[in-house]
Novice: 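The structure that follows is given in the form of structure tokens.
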Amino acid sequence: MIKKTDITWCPGCGNYAIRDVLEKVLHELPIPRKDIAFTSGIGQAAKMPQYLEVNYFNGLHGRSLPLAVGIKLARPDLTVVSYSGDGCLYGEGGNHFIHAIRRRLDLTIITSDNQIYGLTKGQSSPTTDFGVKNALDPRGNENIPLNPLSLAINMGAPFVARGYAGDKDHLGGIIREAILFKGTAVVDILQPCVSFNNINTYQWYHKRVFKVDNTPADRYEAMKLAEQWGDKIPIGIIYRDDKAECRELAKIFREPLTEADIREHLAMKCVMMR
Amino acid sequence: MIKKTDITWCPGCGNYAIRDVLEKVLHELPIPRKDIAFTSGIGQAAKMPQYLEVNYFNGLHGRSLPLAVGIKLARPDLTVVSYSGDGCLYGEGGNHFIHAIRRRLDLTIITSDNQIYGLTKGQSSPTTDFGVKNALDPRGNENIPLNPLSLAINMGAPFVARGYAGDKDHLGGIIREAILFKGTAVVDILQPCVSFNNINTYQWYHKRVFKVDNTPADRYEAMKLAEQWGDKIPIGIIYRDDKAECRELAKIFREPLTEADIREHLAMKCVMMR
Amino acid sequence: MEFSVLIGGEAGLGAFSMELELTDILSRLNYYFFATKNYMSRVRGGHNFHMIRIADHSVHALTGGSWDMIVALDEETEIRHRVHLYDKGLYLSPTLIGEVAREAREEFHDVTVSNTILVGVILAIIDVDTERLAAVTESNKLKYLRRGFKYAGQWEMAGIFPIPSKAGCHYIFDGNKAIALGSLLGGCQFMAGYPMTPATSIMHYFATAAMSLPAHFEQAEDEISAINMALGASYAGVRSMVATAGGGFALMQEAVSLAGMTETPIVIVVGQRPGPATGLPTRTEQGDLNLVLYAGHGEFPRIVFAPGTIGEAIDVTRKSFELADRYQIPVFVLTDQYFADSVQLMEEDLPVSVPAREYGIFDRAYQRYALMETGISPLTFPGLFDAMVRVDSDEHDESGTITEDLDLRIRMVDKRLGKMTLLKKDAIPPTFYGDSEAGTILISWGSNRLIVEEAVDKLVAERIEASALHFGQVYPLSNDMIAPYQLESKTIICVENNGGAQFACLLKKEFGLHATHNILKYNGECFTVEEIYSRVKLLLSPEVEE
Amino acid sequence: MEFSVLIGGEAGLGAFSMELELTDILSRLNYYFFATKNYMSRVRGGHNFHMIRIADHSVHALTGGSWDMIVALDEETEIRHRVHLYDKGLYLSPTLIGEVAREAREEFHDVTVSNTILVGVILAIIDVDTERLAAVTESNKLKYLRRGFKYAGQWEMAGIFPIPSKAGCHYIFDGNKAIALGSLLGGCQFMAGYPMTPATSIMHYFATAAMSLPAHFEQAEDEISAINMALGASYAGVRSMVATAGGGFALMQEAVSLAGMTETPIVIVVGQRPGPATGLPTRTEQGDLNLVLYAGHGEFPRIVFAPGTIGEAIDVTRKSFELADRYQIPVFVLTDQYFADSVQLMEEDLPVSVPAREYGIFDRAYQRYALMETGISPLTFPGLFDAMVRVDSDEHDESGTITEDLDLRIRMVDKRLGKMTLLKKDAIPPTFYGDSEAGTILISWGSNRLIVEEAVDKLVAERIEASALHFGQVYPLSNDMIAPYQLESKTIICVENNGGAQFACLLKKEFGLHATHNILKYNGECFTVEEIYSRVKLLLSPEVEE
Ligand SMILES: Cc1ncc(C[n+]2csc(CCOP(=O)(O)OP(=O)(O)O)c2C)c(N)n1
Ligand SMILES: Cc1ncc(C[n+]2csc(CCOP(=O)(O)OP(=O)(O)O)c2C)c(N)n1
Ligand code: SF4
Ligand code: SF4
Ligand SMILES: [Mg+2]
Ligand SMILES: [Mg+2]
């Protein structure tokens, strides 16, 4: 249904590879498409759901997670994925990121992390490396870069992984696991932006990424691993806690309120009636 | 100047002790009061600056930190302290908390952490313990509590401490160090709320708090220490990195823009003039 | 016959619990009464006072003027309020109350029961029959109330303001409870929120109700998250709402615009309090009408209700969910601290049926934003059928995909703005009160309705020609709504609890109608009947010109 | 004499850099020109086009109608625009341009220079003197431009639309640069922001300027933080601003109210784009007037400017800082994507002086909110003197301490709202254009000014009586502003780039003035002269009734 020609990313953008991976994973998953709902914010990454065969709510910049939380709470039967960019999720949406994790919901949170604001043409995002120069940081970025994976582990996320757009098979495995994981799964994908990030390129990554063989069982070890950056950059599942418990949710959608409910409710709230 | 009778906290509130400590520390510090600016949000804790002899900007719920950042950037000569409650700083203001730390400014961030929304009469805050029941959580709080100190260390804060309103001398030492520290100093103060938190009481804390003797040098060790909660609760300086560098700030206030500046600027932007 | 009592004291002394106990018993005894409060933004200390009006007829406002009785739990109450005691009024001084407390400790070994004793005194004053009282009161309380009767006897107060109980069986509500119940009746099953006075108790009610009903309350990390969660839940198929005050609502504006663009149904309750910024957090004002009318960037349709009675609050809230759904728009219920915190009888019938929600069956050809002749695109939810539900905050084509086709843009704008015509047809007309021939008409909106109506009675009783028109729906307005009232030929007095005469401005903008006078108040308190009555009288006296 | 050219192609093909190169050379050669663009919200691909009008007289709008020349860098341009080529217009097809590129690779071993060659073709068409060209061009470019002249000769296009260069020495600006420079001229030294089209380039300019000036730009984590940072900096004594689009501004509303309550000076630039929600991020609209007029909960004064020329943009922005300071209020500059992205000559004088900021000396007795006879409390900053500066978002007493004194509340509200009277006296009057006797008057605000004025010229040239009135200040409005124009007796046509006729509504509300007709456009594009001209003509033709 979606024509390649309608895709508005730049030729060579890392998002194309991620989209291929997502379509493949969704195709293979034992979940009917009609039961999958994506949310997204605004940015290049946030266009992702438009290019997939899924239900989606493409909302406001920074607000993909509250939408996802709302959908999940209303409809535990749906598989809910929040998809956005690094600026959207960790910048404008930072508060939702830390608090959504605390809610212990069965959500998947995926980010195309190109370490830049792509759609607005190249300003620093929270993950931009220290010292990088651009139009709004002509002297170089002064801020400590945010490490989304370490932060997610710190906040209590039970499944945390890093993927790389340049390794489709490996990425596919991660996304599959993340969606099937019962609990909040955070996946940050290294996504080269060919138009605005000429530092963290395919070439740059190819030299650096290595696959994590043994996912640490210890949270602090995992944070340390997540923070490894520079010459060696780990990809794979950085942390996983299968024992973490997901919150139990009430069924509401299939049980609409009825007159009987109201009568019972009014009877209980006896103080109101005289 | 400030009459005790004008203070609107409940009798027995932990904030009284903190206020005494603050007045004492400020009195002893080698900084003229006129050069100290507090910012705060809204809540019981956020009333603190009103009861001190300082300049203050008592702003919006959740927004004490952006105000503090703006003041510091405009006036590096001022000693800037952001003071607020756990709901204000970690809930509504969560995004500013994580990003203010990244900016590497010489700021002090102090929180009266009563693990509850006090002013709005007792709803769960981000630091409320798991399972605690209240009006908006009649079934008990479902969320993983946020650990502000571990989070601050994770985000790169170079000075992170926990104080306790029930130990004034110890608290005074911490606040003094925090204000004198060159860099972002985060102080979370255990503050009993006698009206709405009947779990984390003075008694409860008295049995549990212990003073940290050796501040860990390792970030991961420090996070582990910060996360210790339950039978034993560490207070004191949890993490300190004296080598972390503060951002250099331009002088702007004492150097207003002049006609000469503009002429020079227009000459540089030569492309505009034909 | 009426009796008015003010109970004052610092927070924590028990004035609030006295109000609760008294109104609880009054309602059990089928009394007509009205109770409201004036409290500070602090948990202990300060100065709060509770005002209760008891009558042998229906009452829904503060009279104003003097009190028949003042219960001064502290000196501050004495200093502030004693001057407003009616000549022959009854006064319980802090000293006297101290006595009662002392004796309570001796007699019952419990000082806290002294407030119940004082409630007993009040009940004795209005001549409540002790047997009927016994029948409706929990037995453990009765002895304290009886002790109050004894004091009343001693102090020669018993029965000196006798009020017969004539109300019959009624529901008792404060405004927030009415709105919360209205939401359940509207089929609302999801609410997300962040506490903020005066909206918090709506959340409390909803969260408690959700324990035994198929509904969910989620406390959000901030208001932005709250409204986006609600939009997510609504998209997923559950009727959803948020409630907040002006400051919290200011944060929700971008998402209001999102609801407008994505045509996602949502109900938003805004409880007004005096601004700007934090202002006076626990006081009342009607200062956020403009904020709500123009909330959100860009252009899209909305409805704004501002109920003036308990029944109306339940009704419009309930209806809000129907309308939000039918037109796929944000619908607002605008209320204020005064209405939220005033306890009163509901005199209208309480509806109990919950409208069943209907939705069609759609296949893969489904298009969320299909351009239909009706002007309304078909609404369904993910996972029900093969239909994919694609919703977009960018301008989109019929399928919900981003578009930059500028001709399509025009059709999409026309579709959205075109709903205004439909909304105007569906608008709830204002409520007229009084004589249609009266030369003066008092226009109000929201919580002032019953205060104004009582003021009209008072004016008419003095043969001053006056009538009242109350807008329970403040937007959109249509000419049909005012056509019956020949407003052009009348002296129009707009009564608003704000400094900017915001509704009067709206009337000017929408109808070219110019208010002859504005009665405004913006000190954080509600109007009283006396106040409106005397200000109207002054305005209508020949000397006054504007 | 005029020449109009459209250069189209997908993002990344070089249409934008051609516009830049061409306008750069035109300005060096002292040509009158106007350039604007129409682009999609994507970095590569899609369809963008750039429109340049070159003339022997001052031009500040798109003519509309047909093009004298089209440069089609791709097929899409051919398909979409060729139909709008003037009969005798010149057309460079994708094939032809492909040829040029091929030859460029051969001749210069660099395909990217082909765009410069095409610029050369255009310069040859308007008969630019090659010697003058050589004098103003960097030598490495000259050979490519000359190659273009050669092509023009080959294709028999050279000199067929000769335009003399008559502009003299001028500054060239786009709207955003004008605003950014205006802010520096206003003494602004602090800006915080979060990128958002169409306001981002204001931040880019300011951040770059701050490298060599005593000024600071801080990129915030979100818009809420941005405006609170700016308020913090302003409190600390530095003139501060923020710039954003409607969606980002929606998030700033609570802080606007904070500025209102704390009386903290701030300048807020809102660049409008089509909403609601994300809408059409790179297009233009005037849909956020209401949003800005009523932003923030509660009631407080503000000023809203909406400049229509480059000079006006610089002036009002500069003045905004003065006024924000003097009245301690938020001041808005409302602009839009069209104005932001249009490049034009500045015909007014460029001011260069920066007003020195004055502040008195205060001791410990200083009260931030002292009630003064002037209606304005004294403003100073922390750390300068012994004065403590206490600022509060709650209602406060004169010292800046929280108060719940309700009488004081009234005085504080009166102080804040009382400023409106002062603001009205200081209001900048609208600009009248044309014959004051003309029976028809076109009212506009913001970026439409010069389009409307040119349309008036065109109408008058056909002996259609028309004049124009442009509001560069849209709020507050005072009767003095319109008194000279006898608007009641005229046919009023309101021209707005939105669907809701928002300014017309404001005129009705403020003056009871009813627009006879509205000319609205809301497809995301700006008006052209032709469009306004023909729609006015149609409206004024006797058959039309409204
Ligand atoms: C409230 C708001 N602020 C700002 C914007 C402008 N904006 C759109 S996309 C974007 C940044 C996108 O960066 P990122 O999330 O990293 O996505 P990318 O384009 O890099 O994939 C911004 C700032 C907006 N749409 N809404
Ligand atoms: C935007 C906004 N949302 C909500 C509120 C209401 N509010 C005031 S104080 C408060 C919570 C205070 O909790 P905390 O920050 O922990 O301070 P405490 O009172 O416990 O010291 C809330 C929710 C507000 N003033 N503004
Ligand atoms: S700008 Fe970067 S992230 Fe955006 S589409 Fe182009 S390459 Fe991809
Ligand atoms: S409610 Fe709690 S935090 Fe607030 S003043 Fe009272 S004791 Fe202190
Ligand atoms: Mg990005
Ligand atoms: Mg708290």
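Proteins get letters first, then strands, A, B, ... in listed order; numbering begins at 1 in each.
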Novice: Can D/R390 be said to sit on top of B/Y56's aromatic six-ring, NZ or CZ under 6.0 Å from centre and within 45° of the ring axis?
Specialist: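 The answer is no, since D/R390 fails at least one limit relative to B/Y56.
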
Novice: What part of D/I402 is in contact with chain B, defined as an atom under 4.5 angstrom from a non-hydrogen atom: side chain, backbone, both or neither?
Specialist: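 Contact with chain B is through both the backbone and side chain of D/I402.
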
Novice: Of the backbone (N, CA, C, O) and the side chain (C-beta and beyond), which part of D/L213 lies under 4.5 Å from a heavy atom of chain B, both, or neither?
Specialist: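 Looking at D/L213, just its side chain touches chain B.
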
Novice: At a heavy-atom separation under 4.5 Å, does D/T262 approach chain B through its side chain, its backbone, both, or neither?
Specialist: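 The side chain, not the backbone.
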
Novice: Do B/T258 and B/R263 have side-chain N/O donor and acceptor atoms under 3.5 Å apart?
Specialist: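 Note: B/T258 and B/R263 side chains miss the donor-acceptor criterion.
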
Novice: Could you verify whether a donor N or O on one side chain and an acceptor N or O on the other, from D/T403 and D/D405, lie under 3.5 Å apart?
Specialist: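 The criterion, which ignores hydrogens and geometry beyond distance, is not satisfied for D/D405 and D/T403.
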
Novice: Side chain of D/Y171, backbone of D/D349: donor and acceptor closer than 3.5 Å?
Specialist: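 It does not hold such a pair.
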
Novice: Under a 4.5 Å heavy-atom cut-off, does chain B meet the side chain of D/A387, its backbone, both or neither?
Specialist: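 Backbone of D/A387 only, per the 4.5 Å heavy-atom cut-off to chain B.
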
Novice: Tell me, for D/A230 versus chain B, whether the close heavy atoms (under 4.5 Å) come from the side chain, the backbone, both or neither.
Specialist: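 When you check distances to chain B, no heavy atom of D/A230 falls under 4.5 Å.
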
Novice: Test B/F57 against D/H396 for ring pair (Phe, Tyr, Trp, His ring centres under 6.0 Å), laying out the working first.
Specialist: CA-CA 12 Å; B/F57 193 142; D/H396 39 255; over 10 Å; no

Novice: Considering only heavy atoms, which portion of B/R102 lies under 4.5 Å from any heavy atom of chain D: side chain, backbone, both, or neither?
Specialist: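 Interface part for B/R102: neither.
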
Novice: Hey, is NZ on D/K141 packed in by over 12 heavy atoms from elsewhere, all under 6.0 Å?
Specialist: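 More than 12 heavy atoms, drawn from other residues, nucleotides or ligands, come within 6.0 Å of this atom.
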
Novice: Which bit of D/Q219 comes within less than 4.5 Å of chain B, counting heavy atoms only: side chain, backbone, both or neither?
Specialist: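 Answer is backbone: N, CA, C or O of D/Q219 sit under 4.5 Å from chain B.
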
Novice: Check whether B/V80 gets within reach of chain D through its side chain, its backbone, both or neither, counting any heavy atom under 4.5 Å.
Specialist: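 For B/V80, neither part sits under 4.5 Å from chain D.
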
Novice: Non-hydrogen atoms of chain B under 4.5 Å away: do they reach the side chain of D/L185, the backbone, both or neither?
Specialist: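 Backbone plus side chain of D/L185, per the 4.5 Å heavy-atom cut-off to chain B.
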
Novice: Answer with side chain, backbone, both or neither: which region of B/I42 has an atom nearer than 4.5 Å to a non-hydrogen atom of chain D?
Specialist: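 Just its side chain gets close to chain D.
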
Novice: Heavy-atom pairs under 4.5 Å with chain B: which of D/D222, D/D392, D/T401, D/I227 has the most?
Specialist: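 Highest number of heavy-atom pairs under 4.5 Å: D/D392.
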
Novice: Please classify the contact between D/T264 and chain B as side chain, backbone, both or neither, with a heavy-atom cut-off of under 4.5 Å.
Specialist: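 The side chain, not the backbone.
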
Novice: Under the side-chain hydrogen bond (donor to acceptor under 3.5 Å, both in side chains) test against B/Y51, which residue among B/N15, B/D6, B/T8 passes?
Specialist: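 Answer after filtering B/N15, B/D6, B/T8: B/T8.
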
